[in-house]
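Here is the structure we will look at, set down as structure tokens.
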Amino acid sequence: QGNVVESGGGLVQPGGSLRLSCVYSGSAFNIRTMAWYRQAPGHDRESVATITSVGTTTYADFVKGRFTNSRDNAKNTVALQMNNLTPEDTAVYYCRAPRDSTWGQGTQVTVSS
């Protein structure tokens, strides 16, 4: 059981773009920091980006300048716009409020020619 539903993944060519969405069903979305993570086969899950309740963002070095995190508090939704994708971005992407103890199913992003 999780508090999020991620969507928007798919197959894209190198250099392409995708927009991931996350709908949060837990309590008090408007006061929670939300975070994006990803996990590639054979690799540990890693942090990608965060966004605070008021929209302040942070990014991992490997996505700075390419990914943009945003939120719509009225819709309990966060989004991750991913541009200039490379094969190294291939992974399952997850969102979560870091204080939560559960994960959603994630959404698969595959970057391949």
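All values derive from a computational prediction rather than experimental measurement.
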Scan residues 59-113 for pairs that pass disulfide bond (SG atoms under 2.5 Å apart), counting only residues two or more places apart or in two chains.
Cys22-Cys95
Could you state the interatomic distance from CZ (Arg32) to CG (Asn76), rounded to the nearest 0.5 Å?
10.5 Å
For Arg66 and Asn84, indicate whether the former's side chain and the latter's backbone hold a donor-acceptor pair under 3.5 Å.
yes
Restricting to non-hydrogen atoms, name the atom on Ser47 and the atom on Ala60 that form the minimum distance, rounded to 0.1 Å.
O-CB, 3.6 Å
Taking the side chain from Arg71 and the backbone from Thr52, do they hold a donor-acceptor pair closer than 3.5 Å?
yes
Give a yes or no answer on whether the side chain of Asp100 reaches the backbone of Thr102 with a donor-acceptor pair at less than 3.5 Å.
no
Side-chain donor/acceptor of Thr57 to backbone N/O of Asn69, under 3.5 Å
no
Where Lys75 and Thr77 come nearest, the two heavy atoms and their spacing:
O-OG1, 2.8 Å
With Arg45 as the cation and Tyr94 as the aromatic partner, state whether NZ or CZ is under 6.0 Å from the six-membered ring centre and within 45° of the axis.
yes
If you link ILVMFWY side chains whenever their heavy atoms are less than 4.5 Å apart, which other residues fall into the same cluster as Tyr24? By chain and number, please.
Val4, Val12, Leu18, Leu20, Phe29, Met34, Trp36, Val48, Ile51, Tyr59, Phe62, Val63, Phe67, Val78, Leu80, Met82, Leu85, Tyr93, Val109, Val111
Minimal non-hydrogen separation, Arg38 against Ala91, with atom names:
CB-CB, 3.8 Å
Taken to the nearest 0.5 Å, the spacing of Ser25 OG from Asn3 CG works out to 5.0 Å
Whether over 12 other heavy atoms sit under 6.0 Å from Gln105 CD:
no
Should Arg96 and Trp103 count as side-chain neighbours, where that means a heavy-atom distance under 4.5 Å?
yes
Say whether, by atom type as modelled, one donor and one acceptor occur between the side chain of Thr110 and the main chain of Leu11 under 3.5 angstrom.
no
Can you check side chain to side chain donor-acceptor pair (under 3.5 Å) on Thr50 and Thr58, steps first, answer last?
CA-CA 5 Å; Thr50 68; Thr58 68; 2.4 Å; yes
Do the non-hydrogen side-chain atoms of Ser17 and Gln81 ever get within less than 4.5 Å of each other?
yes
Could you walk me through whether Gln108 and Thr90 pass the side chain to side chain contact (heavy atoms under 4.5 Å, CB included) test, one step at a time?
CA-CA 8 Å; Gln108 176 72 52; Thr90 295; 4.1 Å; yes
